[in-house]
Amino acid sequence: MNEINIAVIPVAGMGTRLLPATKSQPKEMLPVGRKPVVQYVVEELNRVGVNRLLFITGSGKHSIENHFDLVPELTQSLREDGKEDLLAELSFIRAPMQYFYTRQRQLLGLGHAVLCAETFVGRQPFVVALGDSIIGLNAKSRIVERMKKCFTENKADAVIAFEEVPPEDVFKYGIASPKSSGDQFEIEDLVEKPGVGESPSNLAIAARYILSPDIFDALKKTKPGVGDEIQLTDAIRMLLKDGGRVFGVKLNGSEQRYDIGNFGSYFKAFAEFALADEKFGDELRTHLKSIL
Ligand code: UTP
């Protein structure tokens, strides 16, 4: 099988839980420490050899395209002024990545956003990486590499990243019903937002997927579910019902998921990344101690 090197990055959502910050800028462009969220996602994928990226965008999301463009005037001016340190901050735009963009013309949910990638992806497996979630401090995660291996070795139909969440939080997530324990496991079923005490596990879907192209047929048959949206989880369940094999790979201890979708988790992510900053982290730590 060819190397899996395409990722679909859905970034079309309205980010309403982050209003007013997201009124005129995409939540995926909010900074966490020094970089916008979506740059971490791209850097994570680049490190594991996924270098053809299709962003599913929507209106008001142009700044994402601009962010990954070359800017000759800016680089030339920094070079002329001898600002090599600042030039280094722009090195990500020269990474050997190919960027593609298409619009989700109606916001019908994550599953529908993925379906918008069908023509581009064709009949090959691909990664889905949510544009509002960073995996690991400074995105130093190789989860997608482990997922690719799992997908290929098991001839899977889908592989999903999972994180262990506190049992009292399971009601917020899609949860795995695993067939076995361990860092990698086959999945019996997925349960959307189970009640506390009714959950088959505490393994929550964590923003990274590898999917076979059969998902597109499943998505076309998937009816709107929770929130009246076409849910990717429902389409994966359809693959399972049709006899497909779906696996889970667990995030390890250094691969915490930073979800930027609400202010609570956004503030925590920003604080952690800022505290880990090489130049300003110590100063910030001292300041926080003095005001707490
Ligand atoms: P979310 O459901 O967390 O994003 O989707 P949202 O819809 O922007 O959130 P709220 O509820 O309004 O605050 C997770 C990811 O999927 C994308 C989002 O951009 C986000 O990166 N998404 C979601 C789409 O691309 N299209 C959709 O129809 C829904």
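For ligands, and for the atoms within them, numbers begin at 1 and follow the listed sequence. Predicted, not measured: the structure shown is a model, and the values here were computed from it.
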Margin query: Using a 4.0 Å cutoff against the non-hydrogen atoms of L108, which atoms of ligand 1 qualify?
Written below: 28 (O)

Check: Is the shortest distance from a Lys or Arg side-chain nitrogen in K250 or E164 to a carboxylate oxygen in the other one below 4.0 Å?
Finding: yes

Margin query: Looking at N5 and V50, would you say the former's side chain and the latter's main chain have a donor-acceptor pair under 3.5 Å?
Written below: no

Margin query: Side chains of Y99 and E65: any donor to acceptor distance under 3.5 Å?
Written below: no

Note to self: Closer than 4.0 angstrom, basic N to acidic O: yes or no for K27 and D132?
What the structure shows: yes

Checklist line | Protein contact of atom 2 (O) of ligand 1 - nearest heavy atom, named by residue and atom, plus distance | finding: R17 NH2, 4.3 Å

Next item on the list: For atom 8 (O) of ligand 1, grab the closest protein heavy atom and report residue, atom and distance to one decimal in Å.
Entry: G15 N, 2.7 Å

Checklist line | Nitrogen or oxygen atoms of K61 and ligand 1 under 3.5 Å apart | finding: no

Checklist line | Any N or O of G109 closer than 3.5 Å to N or O of ligand 1 | finding: yes

Margin query: Grouping I, L, V, M, F, W and Y whenever their side-chain heavy atoms are under 4.5 Å apart, do L45 and L211 come out in a common cluster?
Written below: no

Check: Are any of the side-chain nitrogens in E192 or R237 under 4.0 Å away from the carboxylate oxygens of its partner?
Finding: no

Checklist line | Sub-3.5 Å N/O-N/O distance, M14 and ligand 1 | finding: yes

Notebook entry, point to check: Any Lys/Arg nitrogen of R146 or E255 sitting under 4.0 Å from an Asp/Glu carboxylate oxygen of the other?
Noted result: yes

Notebook entry, point to check: Between the main-chain N or O of A158 and the side-chain N or O of R245, is there a donor-acceptor pair closer than 3.5 Å?
Noted result: no

Margin query: Tell me whether L18 has any N or O atom under 3.5 angstrom from an N or O of ligand 1.
Written below: no

Item checked: Nitrogen or oxygen atoms of I56 and ligand 1 under 3.5 Å apart -> no

Next item on the list: Please confirm whether G13 comes within less than 3.5 Å of ligand 1 when only nitrogen or oxygen atoms on both sides are compared.
Entry: yes

Next item on the list: Can you pull out the closest protein heavy atom to atom 6 (P) of ligand 1? Residue, atom name and distance to 0.1 Å, please.
Entry: K27 NZ, 3.7 Å

Item checked: Closest protein heavy atom (residue, atom, distance) for atom 25 (O) of ligand 1 -> A12 N, 2.9 Å

Note to self: Looking at every non-hydrogen atom in both residues, tell me the closest pair between V37 and G131 and how far apart they are.
What the structure shows: CG1-O, 3.5 Å

Notebook entry, point to check: Counting heavy atoms only, which part of P10 comes closer than 4.0 Å to ligand 1: side chain, backbone, both or neither?
Noted result: both

Next item on the list: Would you check the N or O atoms of E229, main chain and side chain alike, for any that come under 3.5 Å of an N or O of ligand 1?
Entry: no

Check: Nearest protein heavy atom to atom 26 (N) of ligand 1, by residue and atom, and its distance?
Finding: Q104 OE1, 2.7 Å

Next item on the list: Could you tell me whether the side chain of K179 and the main chain of F185 form a donor-acceptor pair under 3.5 Å?
Entry: no

Next item on the list: Any atoms of ligand 1 less than 4.0 Å from a non-hydrogen atom of A113? List them with their elements.
Entry: 24 (C), 25 (O), 26 (N)

Check: For ligand 1, which part of D132 has a heavy atom less than 4.0 Å away: the side chain, the backbone, both, or neither?
Finding: both

Note to self: What protein heavy atom lies closest to atom 12 (O) of ligand 1? Include the residue and the distance to one decimal.
What the structure shows: T16 OG1, 2.6 Å

Item checked: Salt bridge present between E44 and K140 (N-O < 4.0 angstrom) -> no

Notebook entry, point to check: Looking at atom 16 (O) of ligand 1, what's its closest protein heavy atom, distance included?
Noted result: L110 CD1, 3.7 Å

Note to self: Other residues, nucleotides and ligands only: do more than 12 of their heavy atoms fall within 6.0 Å of CE on M238?
What the structure shows: yes

Check: Under a 4.0 Å heavy-atom limit, does H112 contact ligand 1 with its side chain, its backbone, both, or neither?
Finding: neither

